[in-house]
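When a residue number appears, it is its place in the shown sequence, counting from 1. Indexing begins at 1, ligand by ligand and atom by atom, following the structure's order.
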Amino acid sequence: MSKYKLVMLRHGEGAWNIENRFCSWVDQKLSEDGLREAEMCGKHLKSLGFEFDLVCTSVLSRSIQTAWLIMQELGQEWVPVRSSWRLNERHYGALIGLNRAELALNHGEEQVKIWRRSYDVAPPPIDESHPYYQEIHTDRRYTCCDIQKDKLPKSESLKQVLERLLPYWNEEIAPEIKKGKRVLISAHGNSTRALLKHLEGISDEAIINHTLPTGVPVLLELDENLRAVKPHEFLGDQQAIQAAIKKVEDQGKVKPVDN
Ligand SMILES: O=C(OP(=O)(O)O)[C@H](O)COP(=O)(O)O
């Protein structure tokens, strides 16, 4: 029986979503469309009467900006916001900054799909010669984490994302939900996939077929043990949502040559 509702989402579109580059731990802001997506998301949640008591975000600006815009539209700016690196996007390692369509051309679409959507394959790790290594790994926000900076990931599979996310879910979010707090999680494509996998019991094989669009709220109904009682529901225009999912999936395909 459904006892609790949880709303999660992947932030609105960021600049590198448009350029089709792996953004991951690079701290890109929302694009103009991304700002609008977050506002629309807030308006939609308001029209459905949602109220929240706690907002959780990653430490990346695009997830925090999205949460603010939603809470502003809801008129609930006063609600506490907690941010943790454990909700960050998956660390895409050496692939960070690379264009997906170019990678598909060089390595094949199947390999790109495995890197993007498989459960236990991690991309090659980032090293100090990578153009975004310094920007990410010397950033002050990662000196305030609950693990030492040199223990932070240098690349992650979805499985590893779930392993670093679960302690935060179990210790910081789940107890609040069980106290009756209504929680909004503003996160990323792959950190949200990892949590959905856990809560819905999606198999290691089936998770490859789950992709999240930007700026669309995902509703989960949970039982007293915080297990999903039914599959998650995307809130909004279902046709538009399916088109947005296909657009994200197609980012990993070779771009047709313009004639
Ligand atoms: O930064 C990213 O995700 P985000 O836009 O959800 O933060 C990743 O680059 C998403 O890439 P993917 O859709 O190939 O997994």
Nearest-option assignment for atom 11 (O) of ligand 1, heavy atoms, candidates R100, R116, R193:
R100
Please step through side chain to side chain contact (heavy atoms under 4.5 Å, CB included) for the pair R86 and W169, ending with a clear verdict.
CA-CA 9 Å; R86 292 183 184 275; W169 167 260; over 6 Å; no
Under 4.0 Å from any heavy atom of N17, which atoms of ligand 1 are there?
5 (O)
Using distance alone, decide if ligand 1 has a nitrogen or oxygen within less than 3.5 Å of any nitrogen or oxygen in Q251.
no
Indicate yes or no: does D250 engage K247 in a salt bridge with an N to O separation below 4.0 Å.
no
Ion pair K43/E73, N-O distance below 4.0 Å:
yes
H11 near ligand 1 by a heavy-atom separation under 4.0 Å
yes
If the plane angle is over 60° it's perpendicular, under 30° parallel, otherwise tilted; pick one for H137 and Y133.
parallel
Is there a donor in the side chain of T214 and an acceptor in the side chain of E13, or the other way round, less than 3.5 Å apart?
no
Could you tell me whether K179 and E176 make a salt bridge, using a distance below 4.0 angstrom between a side-chain N and a carboxylate O?
yes
Purely on distance, is any nitrogen or oxygen of N190 under 3.5 Å from one on ligand 1?
yes
Checking contacts here: is it the side chain or the backbone of T211 that comes within 4.0 Å of ligand 1, counting heavy atoms only? Could be both or neither.
neither
Heavy-atom distances under 4.0 Å are what count here, so tell me which part of L60 touches ligand 1: side chain, backbone, both or neither.
neither
Can you find an N/O atom of F22 closer than 3.5 Å to an N/O atom of ligand 1?
no
Compute the centroid of each ring, for W16 and then for Y92, and state whether the two points are separated by less than 6.0 Å.
no
For R10, the ligand 1 atoms with a heavy-atom partner under 4.0 Å come out as 3 (O), 4 (P), 5 (O), 6 (O), 10 (C)
For atom 2 (C) of ligand 1, which candidate among E13, Q28, E89 holds the nearest heavy atom?
E89
Heavy atom of R117, distance to ligand 1 below 4.0 Å
yes
Quick one: do D204 and K159 make a salt bridge, cutoff under 4.0 Å?
no
Ligand 1 versus S24: contacting region, heavy-atom distance under 4.0 Å:
backbone
Ion pair E109/K113, N-O distance below 4.0 Å:
no
For ligand 1, indicate whether the residue Y92 contacts it via side chain, backbone, both or neither (heavy-atom separation under 4.0 Å).
side chain
With a 6.0 Å cut-off on the ring centroids, do W25 and Y142 count as close?
yes
G189 heavy atoms, cut-off 4.0 Å: which ligand 1 atoms fall inside?
6 (O)
Per-residue contact class, R90 against ligand 1 - non-hydrogen pairs under 4.0 Å:
neither
